[in-house]
Protein chains: 2
Amino acid sequence: MDDETPDCGHDHDHPRVAHEALAPHVLERAAAIFRAAGDPGRLRILHCLLCGEHCVSDLADESGDGLSTVSQRLKILRAERLVTRRRDGKHIFYGLADEHVAELVRSALDHARHDH
Amino acid sequence: MDDETPDCGHDHDHPRVAHEALAPHVLERAAAIFRAAGDPGRLRILHCLLCGEHCVSDLADESGDGLSTVSQRLKILRAERLVTRRRDGKHIFYGLADEHVAELVRSALDHARHDH
DNA sequence: TCGACAGTTCATCATTCGTTCAACTGATGG
DNA sequence: CCATCAGTTGAACGAATGATGAACTGTCGA
C-alpha cells in the first residue's frame with residue numbers, strides 16, 4: 001500500500017485518526033437507542049421504571065397522559081428492547097430490559113441535574 | 001397527610017412508588033441530550049471525537065457529507081453542550097465536552113455492539 | 001356468556017427534524 | 001486590499017415523529 005496517500009484535500013496537521021471501524025449497523029442501533037430515550041414522555045417512563053415494574057395504567061396516571069399515548073411510547077421503547085413486558089392477569093407490567101439500560105438513564109439524568 | 005389516598009383509580013397492588021421527584025427541566029434536558037445523540041450522523045461525529053479533537057473539514061471527509069451538513073450537526077451537539085469548540089487559525093476544532101459525555105457514548109456503542 | 005376493564009392498533013394530523021444550496025463571516029497569505 | 005480557504009447561517013422542502021380518538025383484542029368476574 002502507498003502510505004503517502006492523504007485521505008483528504010486540505011493542508012493542516014492530521015490527528016492520527018485511529019477509530020477501530022464502527023460498523024454501520026452498530027451506529028444505527030446505538031442512535032436508535034438514544035433516539036428512543038430522547039423524548040421527555042418516554043424518558044419519564046424509563047425513569048419510573050428505574051424503581052421497578054409498573055403497569056400501563058400506573059404509568060399513564062403518573063404522567064397524566066392517556067392510555068393510548070403511553071402504550072405507543074412503550075411500543076417504541078420495546079421495539080428498541082429498552083423495556084420488557086410481562087402479563088399478569090388483566091395487567092401488563094413493563095420493566096427496564098437490563099442494568100445497562102438503567103445505568104444509561106441514571107447517567108444522563110445525573111448529568112442533566114448537575115448542569116446549570 | 002392522608003396516607004389512605006390512592007393516586008389512581010384502579011384496583012391492583014401498587015408498587016411502592018418512590019422516585020425522588022424528577023424536575024421537569026431535568027427531564028427536558030436529559031431528553032435533549034439523548035435526542036442530540038440519537039441521530040446516526042451526529043453520533044458518528046461523537047464517535048470520531050472519542051479519539052480526540054477534529055476540525056470540521058476532517059469530520060466532513062470522514063463521513064462523506066458536506067461541510068454545511070456537518071456544521072449543522074455540530075451546531076446541535078454544541079447547543080446541548082456535548083462538544084466544545086476551539087479556533088486555531090483557519091480551522092475550528094471540536095472535541096467532546098467532558099469525560100461524562102465520552103462515557104455515555106462509549107456505553108451506548110458497547111451496548112449496541114453486544115446485542116444481536 | 002356478557003359486560004367491564006386493561007391494553008393495543010390504526011389512521012390522521014400537526015409538528016419537528018435533517019439535508020441541502022446559496023449567501024454570508026472571518027482569518028490568512030500574497 | 002483582495003482572493004481564498006474554513007466554517008456558519010438561513011430558507012426551503014420532504015421525511016419522520018408524536019399525540020389522539022375510535023375500533024379492536026384479550027382477560028376476568030358475575
Side-chain angles (χ1 to χ4, degrees), chain A residues 6 8-15 27-28 31-46 48-49 53-80 83-95, chain B residues 6 8-15 27-28 31-46 48-49 53-80 83-95:
Chain A
C8 72
H10 48 288
D11 62 344
H12 62 85
D13 292 4
H14 280 276
L27 183 69
E28 286 295 342
I33 290 172
F34 278 135
R35 202 176 326 122
D39 170 77
R42 291 191 299 261
L43 188 52
R44 192 206 314 269
I45 289 176
L46 294 176
C48 284
L49 299 185
E53 290 186 325
H54 287 62
C55 72
V56 185
S57 307
D58 283 343
L59 291 170
D61 290 340
E62 291 184 48
S63 67
D65 298 299
L67 260 190
S68 174
T69 301
V70 172
S71 184
Q72 296 280 18
R73 288 174 184 163
L74 287 166
K75 184 182 186 169
I76 289 170
L77 293 175
R78 206 162 84 94
E80 299 308 331
V83 300
T84 56
R85 196 154 71 142
R86 174 176 72 82
R87 174 147 229 154
D88 179 21
K90 278 200 269 193
H91 293 271
I92 297 184
F93 286 87
Y94 283 86
Chain B
C8 70
H10 47 289
D11 62 343
H12 62 84
D13 292 4
H14 279 277
L27 184 70
E28 285 295 341
I33 291 172
F34 278 134
R35 203 177 323 123
D39 170 77
R42 292 191 298 261
L43 188 53
R44 190 197 332 259
I45 290 176
L46 294 177
C48 284
L49 299 185
E53 290 185 327
H54 287 63
C55 72
V56 186
S57 307
D58 283 342
L59 292 169
D61 290 341
E62 290 184 49
S63 67
D65 298 298
L67 258 191
S68 175
T69 301
V70 173
S71 183
Q72 297 278 18
R73 289 173 184 164
L74 286 166
K75 185 182 185 169
I76 288 169
L77 292 175
R78 206 162 84 94
E80 299 308 330
V83 300
T84 55
R85 198 153 71 141
R86 175 176 70 83
R87 173 147 230 154
D88 179 22
K90 276 200 269 196
H91 291 271
I92 297 184
F93 286 86
Y94 284 86

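Naming convention: chains lettered A, B, ... in sequence-line order (proteins, then strands); numbering from 1 in each chain. A quick note: this is a predicted structure, and the numbers were derived from the prediction, not measured.
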How many Å lie between [atom1] on [X] and [atom2] on [N], as a whole number?
X	N	atom1	atom2	result
B:Leu74	D:dT9	CG	P	11 Å
B:Lys75	D:dA11	NZ	C1'	12 Å
A:Arg86	C:dG7	CZ	P	12 Å
A:Asp65	C:dG7	CG	C1'	16 Å
A:Leu77	D:dG18	CG	P	10 Å
A:His91	C:dT8	NE2	P	12 Å
A:Glu28	D:dA16	CD	C1'	14 Å
A:Leu59	D:dA19	CG	C1'	17 Å

How long is the gap from [atom1] on [X] to [atom2] on [Y], to the nearest 0.5 Å?
X	Y	atom1	atom2	result
B:Leu27	A:Arg42	CG	CZ	12.0 Å
A:His91	A:Asp58	NE2	CG	8.0 Å
A:Leu74	A:Leu49	CG	CG	7.5 Å
A:Ser57	A:Lys90	OG	NZ	10.5 Å
A:Leu59	A:Thr69	CG	OG1	12.5 Å
B:Asp61	B:Leu67	CG	CG	8.0 Å

- [ ] Let me have a per-nucleotide readout for nucleotides 22-30 of chain C, 5' to 3', with B, S or -, counting only protein heavy atoms under 4.0 Å.
- [x] B----SS--

Close N/O contacts between protein and nucleotides 11-18 of chain C (under 3.5 Å):
from: C:dG18; atom 1: OP1; to: B:Arg42; atom 2: NH1; distance (Å): 3.2
from: C:dG18; atom 1: OP1; to: B:Arg42; atom 2: NH2; distance (Å): 2.9
from: C:dG18; atom 1: OP2; to: B:Arg42; atom 2: NH1; distance (Å): 3.0

Task: Qualifying residues under side-chain hydrogen bond (donor to acceptor under 3.5 Å, both in side chains), relative to A:Gln72, sequence neighbours excluded - done: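 Testing A:Gln72 for side-chain hydrogen bond (donor to acceptor under 3.5 Å, both in side chains), a comparison that skips the adjacent residues, returns none.
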
Task: Axis-to-axis angle between the two ends of the helix from C:dT1-D:dA30 to C:dG30-D:dC1 (five base pairs per end, rounded to 10 degrees) - done: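 Taking the rotation axis at each end, their angle is 20°.
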
- [ ] Output yes when a side-chain donor or acceptor of B:Arg35 lies under 3.5 Å from a complementary backbone atom of A:Pro40, and no otherwise.
- [x]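 The answer is no, because no donor-acceptor pair under 3.5 Å joins these two groups.
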
Phosphate-side-chain proximity, [X] and [N], N/O vs OP1/OP2 below 4.0 Å:
X	N	result
A:Thr69	D:dT20	yes
A:Tyr94	C:dA6	no
B:Arg85	D:dT8	yes

- [ ] Measure from the side-chain heavy atoms of B:Ile92 and tell me the nearest of D:dT8, C:dT8, D:dT20.
- [x]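 Output: D:dT8.
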
Task: Contacts of type salt bridge (charged side-chain N to carboxylate O under 4.0 Å, His left out), residue A:Arg85, not counting sequence neighbours - done: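 If we apply the salt bridge (charged side-chain N to carboxylate O under 4.0 Å, His left out) test to A:Arg85, skipping adjacent residues, there are no hits.
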
- [ ] List for me each residue that meets salt bridge (charged side-chain N to carboxylate O under 4.0 Å, His left out) alongside B:Arg86, sequence neighbours excluded, and say none if there are none.
- [x]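 Expected list: B:Glu53.
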
- [ ] Not counting sequence neighbours, which residues clear ring pair (Phe, Tyr, Trp, His ring centres under 6.0 Å) with B:Phe34? List them please.
- [x]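 Result, ring pair (Phe, Tyr, Trp, His ring centres under 6.0 Å) vs B:Phe34: A:Phe34.
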
- [ ] Using the test side chain to side chain contact (heavy atoms under 4.5 Å, CB included), find all partners of A:Ser63 that sit at least two apart in sequence or belong to another chain.
- [x]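 Scan of A:Ser63 (side chain to side chain contact (heavy atoms under 4.5 Å, CB included), adjacent residues dropped) gives A:Arg44, A:Asp65, A:Val70, A:Arg73.
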
